[in-house]
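First up is the structure itself, then whatever we jot down about it.
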2 protein chains.
Amino acid sequence: MLRFTLRQLEYLIACIDTGSLVGAAAQLNVSQPTISAAIAKLENQLGAQLLIRHHAQGVVPCASAQVHIKTARHLLQLAAEFQLECDSSGSELTGVLSLGCFAPLAPTYLPGLIARLNDQYPDVELKVFEGTQREVAEGLRAGTQQLGLVYDLDLPEGLYKHELLSVQPQVLLPSSHKLAAKKQLSLQELAAEPMVLLDVSPSRTYFTGLFQSQGFNPVIAHRSSSLELVRGLVGRGLGYSILVTRPAGDTTYDGQKLAIRPLRDRVEPSRISLCGLESSRPGNISEAFRRVCADYFSQLAS
Amino acid sequence: MLRFTLRQLEYLIACIDTGSLVGAAAQLNVSQPTISAAIAKLENQLGAQLLIRHHAQGVVPCASAQVHIKTARHLLQLAAEFQLECDSSGSELTGVLSLGCFAPLAPTYLPGLIARLNDQYPDVELKVFEGTQREVAEGLRAGTQQLGLVYDLDLPEGLYKHELLSVQPQVLLPSSHKLAAKKQLSLQELAAEPMVLLDVSPSRTYFTGLFQSQGFNPVIAHRSSSLELVRGLVGRGLGYSILVTRPAGDTTYDGQKLAIRPLRDRVEPSRISLCGLESSRPGNISEAFRRVCADYFSQLAS
DNA sequence: GCATCTAAATAGGGTTAATCTATTTAGATG
DNA sequence: CATCTAAATAGATTAACCCTATTTAGATGC
């Protein structure tokens, strides 16, 4: 149990610096008896004399207290720094932002976002954690991350969301596929074909849900949790796929050409959102990052 | 103006360490609403959210507060150290003792005192300041020193004194002096002889006062503020002197033999005292040093 | 799905502590 | 010796702190 307060130390140091209780009182905008009582109490609580009172000529620190006074100064300085740190994190845009990101979104969007952030807010350090939607949501709840960049799908309660981009799913075909000749493709045309499913939550249920909402059931020929593997399998003619993430370039890692076609059906788009805890008021850094995201994605959409 | 208290930080850290307000309350022996209110107030005062509340599963620190929490821990640790420092300086005998010493007393008495102190209280560091009686007294008032080793002569008001040793003045003669043959000497015999005066305050007035109290006036042939120079001048036959400090050995720095004789007259002895400020309650270290002094000087007297 | 459990928030009241103004004490100074 | 300066004290007011009792709300088990 601590037997002193920072306020008391402030008073003490002011007394020593000004050389009198009156001076300290003036400096700190309190009355002289306030100082007198506070110092007396501090001396009692610590069980040591701190000041020598010279009636008409102020006070001086007593020899045995010199070492305590030194530590008290350190303590007050650290306290001031703590205060400053809290203040500046409220006003200036300096500090660390921890961002959780649904892993498949990261390679496509984060490089551009980070570049923008560094440009506009060079003093903000971004710490990125990549994981599943579930992991991101848990990170938010655990306080590990302040914001999450996710699809607005299967998110738990208690999160606020800022929609950033609405993406229509697209069909991937090997360029040699018979349907590749068409400009648009319908779910009906695809339903009987072998499909390569991106098998990660929540994408899995989203893609299969597209068919089910139209009364079809896709034929899953292959599953993979890796976007690049899915593209590779499609490139090698093992089936078509439906994806929302579209990397620049239509070539797979092993050099095959892909044909990418829009869906004819009007389906529910995937929504990329920035989310955070409802119970956690976003700070200035979070707000800054939200603006950067909004700018960046609105530019992507146009 | 600091907008937080150490108590609040204690509560905060306890919440984080125990993971719940209830746990913190139990740990710190206060009620749960006390913690709740204190944290809420702290968050308001600092303008930042610190904890994420999960209704039935306690709290976690929020990401943006991680850095603040780190500093808060430092602050609390330093505060605990400060407290410990104050506590131990009250009980254990560890620390620094600043001693003012009337310079002529130093070479005779301090070596033995310091050796004893080191022996009995090895963790007490002694800082010695040598100066005039006046300087020592001012050092006490200024808080530079805690104790003073002085003659109880011409001391200002406001000091308490512990008498350590009562010393009779002694007559110094060149060994070849005509009076050196006598076992004792009276002031009357000396009054007409040339005198070498140790000319430092308060010794000066003490020595001349010895004669004046008997109705004589000494013939001052030489003056010096240095004890060794006085002894040297006497050794070379330039006069007698009266001193209270008697170094071991009756040879001057330049090799002359001195004769040292007691005074026949009953005069006021010089009293060596340990003094301190009346307004300043002596600490444990001061008390320890006083005991060491009492032991040492009582041994000298016997 | 409903009851139970856990933990945080809120309400209301009582006690302590901090601060104020006014006055007194006491050493320093001319 | 009167005056000045600064600390200490007295007494009253206010704010802060902490308590018990209760409510809210999410999590968990049957």
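Keep in mind the model is a prediction, meaning the values are calculated, not measured. Within every chain, numbering begins at 1; the chains are lettered A, B, ... in the order of the sequence lines, protein sequences first and strands thereafter.
Judged by distance alone, the side chains of B/Thr71 and A/Glu85 do bring a donor and an acceptor atom under 3.5 Å apart.
One atom, NZ of A/Lys41, and another, P of D/dT9, lie 15 Å apart when rounded to the nearest Å. As rounded to whole Å, 15 Å separates atom C1' of C/dA17 from atom CG of A/Leu42. Counting to the nearest Å, the C1' atom of D/dA16 and the CD atom of B/Gln45 are 11 Å from each other. As a whole-Å value, the separation of A/Ile52 CD1 from C/dA28 P is 14 Å. As a whole-Å value, the separation of B/Gln49 CD from C/dA9 C1' is 15 Å. The nearest whole Å value for the distance from the CD1 atom in A/Ile39 to the P atom in D/dT9 is 14 Å. Between B/Arg3 atom CZ and D/dA16 atom C1' there is a gap of 18 Å when expressed in whole angstrom units. Counting to the nearest Å, the P atom of C/dA9 and the CD atom of B/Glu43 are 8 Å from each other.
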Practice task
Sugar-phosphate atoms are those with a prime plus P, OP1 and OP2; base atoms are the rest. Using that split, label each nucleotide of nucleotides 20-30 of chain D B, S or - for protein heavy atoms under 4.0 Å, 5' to 3'.
Solution key: BB---SBSS--
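Classified by interplanar angle (parallel below 30°, tilted 30° to 60°, perpendicular above 60°), the ring pair A/Tyr109/A/Phe297 is tilted.
Between A/Phe82 and B/Phe4, a ring centre-to-centre spacing shorter than 6.0 Å is recorded.
Distances shown here put every side-chain N or O of B/Arg53 at or beyond 4.0 Å from the OP1 or OP2 atom of C/dA7. Look at B/Tyr11 and you'll find a side-chain N or O under 4.0 angstrom from OP1 or OP2 of D/dC18. Residue B/Ser36 places at least one side-chain N or O under 4.0 Å from the OP1 or OP2 atom of C/dA9.
With A/Gln8 as the partner, the side-chain hydrogen bond (donor to acceptor under 3.5 Å, both in side chains) test is satisfied by one option alone out of A/Lys41, A/Glu43, A/Gln45: A/Gln45.
The heavy-atom pair separating B/Val150 from B/Phe102 by the smallest distance is CA-CB, 4.2 Å.
Side-chain contact between A/Glu163 and A/Ile272 is absent, with no heavy-atom pair separated by less than 4.5 Å.
Judged by distance alone, with hydrogens and angles left aside, the side-chain atoms of B/Gln49 form a donor-acceptor pair with the main-chain N or O of A/Ser279 at under 3.5 Å.
Of the candidate nucleotides C/dA9, C/dA17, D/dC17, C/dA9 has the atom lying nearest to any side-chain atom of B/Leu21.
Ion pairing between a basic and an acidic side chain is recognised when a charged N comes within 4.0 Å of a carboxylate O; B/Arg290 and B/Glu287 show such pairing.
More than 12 heavy atoms of other residues, nucleotides or ligands shown are found within 6.0 angstrom of CZ on A/Arg271.
If one axis is set at each end of the helix from C/dG1-D/dC30 to C/dG30-D/dC1 from five pairs, those axes are 30° apart, to 10°.
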